[in-house]
Amino acid sequence: MRHLDFSPLSAGEIAARLSDGTLSPADIARGVIERHARLEPDLRAWSWFEPRQIERSYRDGPAPTDPRPGLLGVPVGVKDIIDVDGMPTGLGLPGAATPAARHAACVELLRAAGAVPVGKTVTAELAFSHPGPTRNPHGPGHTPGGSSSGSAAAVAAGMVPLALGTQTGGSVIRPAAYCGVVGIKTSLNAVPSAGIAPVADSLDCVGWFARSVEDAILAARVLLPWQDLAPRRPGNRLRVWRLDAMELGTLSPEARQALDEASAALRGAGCAVVEAPLAGLLPALAECHRRIMLHELARTLLPILCTRGRELSAAMLKAIDAGRSVTASQYQEARHQVREAHAALDARMRDFDLILTPSAAGEAPAGLHHTGDSTFNRVWSVLGWPAIHLPTAWSPRGLPVGVQLVGRQGEDEALLRHAQALHPLIDRRMPASRAQVPMAQ
């Protein structure tokens with residue numbers, strides 16, 4: 001039996017090779033299982049993975065119902081708060097979970113395009129902050145981020161080319177930044193949330209991870225099917241709003257350099273890059289996000305608190321208590337402030353095509369007892385605007401850094417097209433950068 005390493009292949013290449021017969025379904029199943037066996041003992045990206053079920057899924061054959069199955073046979077990881085029929089939804093909690101009875105809407109959309117969910121990826125406890133066991137593929141002693149840690153790490157290590165996540169604060173963009181992959185957080189309500197355990201209803205967004213913008217767009221064509229995702233050529237005089245967001249926190253030298261180099265590259269390609277700070281508005285929005293998230297989280301998790309409260313971490317119990325202390329009037333005032341800021345920023349964005357801003361304060365912090373800081377993500381989560389992380393460089397310690405692009409709410413397709421055009425201009429990594437990842441060998 002030949003050994004198959006499909007990790008260098010993109011999602012598009014896997015689908016094409018399965019279609020033309022140069023890859024068989026059994027090849028893909030075996031490749032997924034073998035790579036999991038080699039890497040998972042150290043990476044710990046999966047909360048549920050059953051080789052026999054994967055073999056059965058591929059033996060029965062991907063059964064797309066979409067007339068253009070663009071993800072035919074592509075293995076996909078699914079964050080463990082998203083239901084997959086027959087797989088347990090563990091929510092990052094201890095103990096066994098009951099298998100789900102049906103697919104979440106986003107999973108059903110992927111399956112209709114021929115994708116194959118191969119397992120559940122680790123999430124932080126109830127998709128909040130208490131970390132799971134996953135390690136960063138680029139540095140096992142460093143956090144992979146949260147709460148979509150398993151999905152980001154599995155893609156970074158080449159275990160799957162695509163994986164689903166969700167974001168309430170920074171749970172897609174931050175792990176994408178720490179693990180050095182492309183991560184897209186969609187606009188609020190752009191992808192149906194049916195079958196996904198909620199954290200905070202007015203903030204939760206579906207997202208996904210890929211190793212390239214092209215693969216992220218393949219998934220977007222399935223999950224955002226009504227949007228126009230035709231490619232855009234670079235150097236088309238895009239108007240870029242550079243927003244350092246220093247009011248939110250201090251950037252490391254590596255993060256600052258990534259932002260500076262991206263700005264210089266875009267200017268060199270003919271883009272108009274304008275620095276325009278927002279005095280006072282970003283910290284106010286970050287505080288609104290905190291109040292809204294905690295208030296909604298405390299009420300969303302009340303059933304779990306009542307039935308499984310003894311299993312929850314001290315950090316989760318503290319967050320629930322903090323959410324109970326946010327009064328209804330404080331919550332409504334925060335929502336009102338967000339609506340006003342949304343209108344003001346939307347008007348300002350008429351002068352720009354996209355925002356260039358930090359994804360994180362720097363490289364993945366050392367230690368596995370935390371998931372890092374979502375400071376540079378919360379504003380876009382509370383506004384409901386789409387965001388994408390683009391990896392662009394390596395720190396002196398061999399950890400990835402990059403930048404975040406943000407677009408207007410509902411304009412996910414424009415943001416993805418811009419990212420596809422701009423990423424080659426700002427990417428300073430070596431072409432063989434994956435060879436620097438010990439766990440991805």
Side-chain angles (χ1 to χ4, degrees), residues 124 126-130 145-148 165-177 183-190 193 198-207 243-250 277-301 315-316 318-346 348-349 355 357-361 370-389 404 406-410:
L126 296 170
F128 189 56
S129 66
H130 186 65
S147 62
S148 305
T166 61
Q167 177 161 312
T168 304
S171 299
V172 169
I173 299 300
R174 186 170 79 262
I184 174 73
K185 179 203 86 73
T186 57
S187 295
L188 184 65
N189 299 323
S193 61
V199 178
D201 285 337
S202 68
L203 302 173
D204 297 342
C205 290
V206 175
L243 191 57
D244 291 10
M246 295 299 290
E247 308 98 316
L248 295 175
T250 302
L278 290 168
L281 182 57
L282 297 184
L285 277 172
E287 173 60 19
C288 288
H289 175 274
R290 187 190 71 84
R291 292 185 181 184
I292 293 168
M293 179 184 66
L294 291 175
H295 181 88
E296 294 184 356
L297 175 146
R299 284 143 185 81
T300 297
L301 299 185
M316 178 58 74
K318 182 179 179 180
I320 293 173
D321 284 343
R324 286 172 161 174
S325 71
V326 178
T327 67
S329 61
Q330 289 173 329
Y331 172 73
Q332 292 298 341
E333 175 59 24
R335 295 291 301 271
H336 175 71
Q337 289 182 38
V338 170
R339 287 192 293 270
E340 288 191 331
H342 193 290
L345 285 171
D346 196 57
R348 190 109 178 239
M349 273 292 285
I355 295 171
T357 193
S359 298
H370 60 93
T371 62
D373 191 347
S374 61
T375 293
F376 293 95
N377 315 131
R378 299 170 197 156
V379 167
W380 315 116
S381 291
V382 78
L383 289 171
W385 288 12
I388 187 168
H389 171 75
Q404 180 177 198
V406 179
R408 296 184 189 88
Q409 184 175 2

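These numbers come from the heavy atoms of this one structure, side chains and all, not from hydrogens, waters or symmetry mates.
- Side-chain N or O atoms of Gln330 include none that pairs as donor or acceptor with a backbone N or O of Arg291 at under 3.5 Å.
- Proximity of a side-chain donor or acceptor of Gln167 to a complementary backbone N or O of Ile173 within less than 3.5 Å is detected.
- Closest non-hydrogen pair, Arg174 versus Asn377, comes out as CB-OD1, 3.7 Å.
- Residues satisfying the ring-ring contact (aromatic ring centres under 6.0 Å, His included) test with His289, not counting sequence neighbours, are none.
- A distance of 11.0 Å separates CZ of Arg324 from CG of Leu297, quoted to the nearest 0.5 Å.
- When all heavy atoms of Gln404 and Trp380 are compared, the pair lying nearest together is OE1-CD1, 3.6 Å.
- Every residue meeting the side-chain contact (heavy atoms from CB on, under 4.5 Å) condition with Thr168, not counting sequence neighbours, appears here in chain and number order: Val199, Ala200, Leu203, Asp204, Met293.
- Considering all non-hydrogen atoms of both residues, Cys288 and Ala334 come closest at SG-O, 3.8 Å.
- The distance from atom CD of Glu287 to atom CD1 of Ile292, rounded to the nearest 0.5 Å, is 10.0 Å.
- Gln409 has its side chain out of reach of Leu383: every pair of non-hydrogen atoms, C-beta onward, lies at least 4.5 Å apart.
- Between His342 and Trp385, the angle of the ring planes goes over 60°, which puts this pair in the perpendicular group of the 30/60° scheme.
- Closest non-hydrogen pair, Thr300 versus Pro198, comes out as CG2-O, 3.4 Å.
- Looking at Val379, Ile355, Val406 one by one, the single match for side-chain contact (heavy atoms from CB on, under 4.5 Å) with Leu243 turns out to be Ile355.
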Carefully, step by step, assess Arg378 and Leu248 under the rule side chain to side chain contact (heavy atoms under 4.5 Å, CB included). CA-CA 10 Å; Arg378 299 170 197 156; Leu248 295 175; over 6 Å; no
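- No donor-acceptor pair closer than 3.5 Å links the side chain of Ser147 to the backbone N or O of Phe128.
- Taking all atoms of both residues into account, the shortest heavy-atom contact from Glu247 to Gly280 is OE2-N, 4.5 Å.
- Between the side chain of Arg299 and the backbone N or O of His295, at least one donor-acceptor pair lies under 3.5 Å.
- The shortest side-chain heavy-atom distance between Leu285 and Val338 falls under the 4.5 Å cut-off.
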For His336 and Gln332: C-alpha separation, side-chain torsions, deciding distance, then whether side-chain hydrogen bond (donor to acceptor under 3.5 Å, both in side chains) applies. CA-CA 6 Å; His336 175 71; Gln332 292 298 341; over 6 Å; no
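- When all heavy atoms of Gly169 and Ser374 are compared, the closest pair comes out as C-CB, 4.3 Å.
- Of the possible donor and acceptor atoms, none in the side chain of His130 sits under 3.5 Å from a partner among the backbone N and O of Ala315.
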